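Working notes, structure below.
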Amino acid sequence: MRTPIVFNYLRYSSTNQTGGVSLEMQQSTCRQFIERSPEFKGAQVVEKADEAKTGTTFAGRRGFSAILSEAKPGDSLVIYKYDRLGRNLLESLQNLKRLEDELKVSVYSATEPNTPVVRNLMLTMAEEYS
């Protein structure tokens with residue numbers, strides 16, 4: 001039987017990014033979330049990152065593309081905040097649908113409530129902010 005994987009996805013837009021969401025901050029917060037969450041006990045943690053990549057498109061985001069190709073049913077994806085997933089509402093929702101409905105991968109934010117309503121509001125705000 002395959003050990004479930006928790007993909008820890010990290011993304012930052014540029015080397016000048018402000019607001020405390022460096023790769024190191026995301027990594028530390030997500031690791032703490034994974035360690036204290038009982039549903040991840042025994043899972044293998046795999047980190048994927050997209051450095052200096054915009055969130056307004058998924059094009060060219062090799063780390064995220066790797067997750068889509070490697071993920072199997074029962075795996076999970078942890079992101080720091082929903083805006084790290086993306087700042088394009090339509091593409092983000094399409095990728096969430098693919099992950100959750102087609103690939104059967106659970107998606108979690110390490111810092112925001114993990115409910116569909118909050119997630120959709122946060123993704124809407126992320127697009128508006130960009």
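In this text, all values refer to a predicted model and were calculated from it rather than measured experimentally. Throughout, residue positions are numbered sequentially from 1 according to the sequence presented.
One hydrophobic cluster, built from ILVMFWY side chains closer than 4.5 Å, cannot hold both Tyr80 and Leu121; they sit in different ones. In terms of hydrophobic clustering, with Ile, Leu, Val, Met, Phe, Trp and Tyr side chains grouped at heavy-atom distances under 4.5 Å, Met122 and Leu77 are assigned to a common cluster. Side-chain heavy atoms closer than 4.5 Å link hydrophobic residues (I, L, V, M, F, W, Y) into clusters, and following such links, even through other members, never connects Val107 to Val78. A continuous path of Ile, Leu, Val, Met, Phe, Trp and Tyr side chains, each step under 4.5 Å between heavy atoms, connects Leu89 with Ile79, placing both in one hydrophobic cluster. Note: the hydrophobic cluster containing Ile67 also contains Val46 (ILVMFWY, side chain heavy atoms under 4.5 Å, direct or indirect links).
Listed by chain and residue number, Leu93 satisfy the side chain to side chain contact (heavy atoms under 4.5 Å, CB included) test with Asn120 (two or more places apart in sequence, or in another chain). Remark: Asp75 engages Arg2, Pro4, Ile5, Phe7, Ala71, Lys72, Val105 in a side chain to side chain contact (heavy atoms under 4.5 Å, CB included) (not counting sequence neighbours).
For the pair Leu123 and Tyr82, the tightest heavy-atom approach, listed with the atom from each and the gap, is CD2-O, 3.5 Å. Among all heavy-atom pairs drawn from Arg87 and Ala126, the shortest one is NH1-O, 3.2 Å.
Between Arg11 and Phe64, the closest side-chain pair of non-hydrogen atoms is not below 4.5 Å. Side chains of Asp50 and Leu10 form no contact here, defined as non-hydrogen atoms less than 4.5 Å apart. Proximity of Glu35 to Phe40: side-chain heavy atoms (C-beta onward) are nowhere separated by under 4.5 Å. Taking the side chain as every heavy atom from C-beta outward, Glu51 and Leu23 approach each other to under 4.5 Å.
Within the model, atoms CZ of Arg31 and CG of Asn8 stand 7.5 Å from one another, a figure rounded to the nearest 0.5 Å. Separating the OG atom in Ser37 from the CD atom in Gln32 is a distance of 11.0 Å, to the nearest 0.5 Å.
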Please step through side chain to side chain contact (heavy atoms under 4.5 Å, CB included) for the pair Ser76 and Tyr108, ending with a clear verdict. CA-CA 8 Å; Ser76 300; Tyr108 299 88; 3.9 Å; yes

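Screening Glu47, Arg61, Lys48 against Tyr9 for a side-chain hydrogen bond (donor to acceptor under 3.5 Å, both in side chains) leaves a single residue, Arg61.
Identified under the salt bridge (Lys or Arg N to Asp or Glu O under 4.0 Å) test for residues 103-130, with sequence neighbours left out: Glu100-Arg119.
Between the side chain of Thr29 and the main chain of Gln26, no donor-acceptor pair closer than 3.5 Å is present.
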